[in-house]
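This report concerns only the one structure given below.
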Amino acid sequence: MPELPEVDAVKESLNRQIRGKTIRQVTVYWPPMVKVPEDRKQFEEMLQSQTVQNISRMGKFMIIHLDDYALVSHLRMEGKYFFMEEEGPKDKHTHVLFLFDDGTSLHYNDVRKFGTMHLFDKGTENAHKPLVLLGPDPIDDRFSAEYMHERLQKTTRRIKTVLLDQSVVAGFGNIYVDETLFRAGIHPERLGTSLSEKEVGRIVDEGRKVIREAMGAGGSTIRSYARSDGGKGEFQNRLFVYGQEGNPCPNCSRPITKTKVGGRGTHLCYHCQE
DNA sequence: CAGCTGCCCTGCGGGC
DNA sequence: TGCCCGCAGGGCAGCT
């Protein structure tokens, strides 16, 4: 399940592989994943003859910048890009196929079909959903203790739920939220309003650190995540609580517990997080 | 209008 | 062995 560090690694590998390439043809095999424009044929035609300028990222969204358009891509849980030197072979989970002028291709593959694509006129992408709704990245200076404390005072929600809200901060998913709250020593069910400025400061610091460390490790390869060049991340070996239920807490050796918070599987140490 | 629930979708693993 | 059910979960529509 790609979160910010994994999406960033995919962005980097795509920049190495497809920047400067011109699209000969695009085929959409699963039309519901293309949200804008609604008509799949129109999407395919707009992309024809467009050259890839570069690929950027906002939160967990990737933006493929073309001559005249911006293609906003979200991988959700299982979305992956495969770059190939040839046109194929296409497998049964490839839902969008980009064929380039030089005979290479890019396959968007997604077993769960949850991923989305939006195509906007160049320069307008930030003014439309979904990007317009995003808060700052965790590695953005705007993600500060003051900002978070203010946001937390205005809500009745629990801290984990707030950190997963992409309009507050864009990039955390279930893995890095659990890791952040463990490192900060904060129980995920604490109400936002109950947190002191000092505690919020710890959450912001640890959140930024865990995201940076995971980016440095190329993300976490959990389930089926891979970059467009097939490379995997290494951070899954450095997770303290996510997926560690029953294993000893690295801090106090008591077993890590798995529970549910806001409908999400949640990993924590009841002794070290309060 | 903030916040919650259900839905999208498929593969996998546990239980019987 | 095979079937069924629950779970995984990000984001958004549609409720309250």
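Residue numbers start from 1 in every chain, and the chains themselves are labelled A, B, ... in the order their sequence lines are given, proteins ahead of strands. What you see is a predicted model, and the numbers here were worked out from it, not measured in a lab.
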OP1 or OP2 of [N] versus the side-chain N and O atoms of [X]: is any pair under 4.0 Å?
X: A/His93; N: B/dG11; result: yes
X: A/Lys258; N: C/dA8; result: yes
X: A/Gln166; N: C/dG10; result: no

Rounded to the nearest angstrom, tell me the gap between atom [atom1] in [X] and atom [atom2] in [N].
X: A/Arg76; N: C/dG11; atom1: CZ; atom2: P; result: 6 Å
X: A/Lys35; N: C/dA13; atom1: NZ; atom2: C1'; result: 11 Å
X: A/Met77; N: B/dG11; atom1: CE; atom2: P; result: 14 Å
X: A/Lys60; N: C/dG10; atom1: NZ; atom2: P; result: 5 Å

Give the other cluster members for [X], using side-chain heavy-atom distances under 4.5 Å between Ile, Leu, Val, Met, Phe, Trp and Tyr residues; answer none if it is isolated.
X: A/Val111; result: none
X: A/Val36; result: A/Met58, A/Phe61, A/Ile63, A/Val72, A/Phe120, A/Leu131, A/Leu134
X: A/Val261; result: none

For residues 164-177 of chain A, run the donor-acceptor check on the side chains, cut-off 3.5 Å, and write out each pair with its distance to 0.1 Å, sequence neighbours left out.
{"from": "A/Asp165", "atom 1": "OD1", "to": "A/Ser167", "atom 2": "N", "distance (Å)": "2.9"}
{"from": "A/Asp165", "atom 1": "OD1", "to": "A/Ser167", "atom 2": "OG", "distance (Å)": "2.7"}
{"from": "A/Asp165", "atom 1": "OD2", "to": "A/Arg157", "atom 2": "NH1", "distance (Å)": "3.1"}
{"from": "A/Asp165", "atom 1": "OD2", "to": "A/Arg157", "atom 2": "NH2", "distance (Å)": "2.8"}
{"from": "A/Gln166", "atom 1": "OE1", "to": "A/Gly171", "atom 2": "N", "distance (Å)": "2.9"}
{"from": "A/Gln166", "atom 1": "NE2", "to": "A/Leu164", "atom 2": "O", "distance (Å)": "3.1"}
{"from": "A/Gln166", "atom 1": "NE2", "to": "A/Phe172", "atom 2": "O", "distance (Å)": "2.9"}
{"from": "A/Asn174", "atom 1": "OD1", "to": "A/Lys160", "atom 2": "NZ", "distance (Å)": "2.7"}
{"from": "A/Asn174", "atom 1": "ND2", "to": "A/Gly265", "atom 2": "O", "distance (Å)": "2.8"}
{"from": "A/Tyr176", "atom 1": "OH", "to": "A/Glu6", "atom 2": "OE2", "distance (Å)": "2.6"}
{"from": "A/Tyr176", "atom 1": "OH", "to": "A/Ser220", "atom 2": "N", "distance (Å)": "3.4"}
{"from": "A/Tyr176", "atom 1": "OH", "to": "A/Ser220", "atom 2": "OG", "distance (Å)": "2.8"}

Open item on the list: Less than 4.0 angstrom from a charged side-chain N to a carboxylate O is my criterion; do A/Asp110 and A/Lys113 meet it?
Closed with: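 Result for this pair is no, no salt bridge flagged.
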Donor-acceptor list for residues 202-211 of chain A side chains, cut-off 3.5 Å, not counting sequence neighbours:
{"from": "A/Arg202", "atom 1": "NE", "to": "A/Ala184", "atom 2": "O", "distance (Å)": "2.9"}
{"from": "A/Arg202", "atom 1": "NH2", "to": "A/Ala184", "atom 2": "O", "distance (Å)": "3.0"}
{"from": "A/Arg208", "atom 1": "NE", "to": "A/Pro138", "atom 2": "O", "distance (Å)": "3.2"}
{"from": "A/Arg208", "atom 1": "NH2", "to": "A/Asp140", "atom 2": "O", "distance (Å)": "3.4"}
{"from": "A/Arg208", "atom 1": "NH2", "to": "A/Phe143", "atom 2": "O", "distance (Å)": "2.3"}

What protein N or O atoms touch nucleotides 1-5 of chain B N or O atoms at under 3.5 angstrom, if any, and at what distances?
{"from": "B/dG3", "atom 1": "OP1", "to": "A/Thr155", "atom 2": "OG1", "distance (Å)": "2.8"}
{"from": "B/dG3", "atom 1": "OP1", "to": "A/Thr156", "atom 2": "N", "distance (Å)": "2.8"}
{"from": "B/dG3", "atom 1": "OP1", "to": "A/Thr156", "atom 2": "OG1", "distance (Å)": "3.2"}
{"from": "B/dG3", "atom 1": "OP2", "to": "A/Thr155", "atom 2": "OG1", "distance (Å)": "3.3"}

Which donor-acceptor pairs under 3.5 Å do the side chains of residues 238-249 of chain A make with protein atoms, sequence neighbours left out?
{"from": "A/Gln244", "atom 1": "OE1", "to": "A/Asn247", "atom 2": "ND2", "distance (Å)": "3.0"}
{"from": "A/Gln244", "atom 1": "NE2", "to": "A/Tyr242", "atom 2": "O", "distance (Å)": "3.2"}

- [ ] Could I get the full list of ring-ring contact (aromatic ring centres under 6.0 Å, His included) partners for A/Tyr29, not counting sequence neighbours?
- [x]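 Result, ring-ring contact (aromatic ring centres under 6.0 Å, His included) vs A/Tyr29: none returned.
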TODO: Using a 4.0 Å heavy-atom cut-off across all strands, classify A/Gly262 as base, sugar-phosphate, or nothing.
DONE: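 The answer is nothing, as A/Gly262 stays clear of every strand by at least 4.0 Å.
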Task: Degree of bending, the helix from B/dA2-C/dT16 to B/dC16-C/dG2 (end axes from five pairs; round to 10°) - done: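 The angle separating the two end axes equals 50°.
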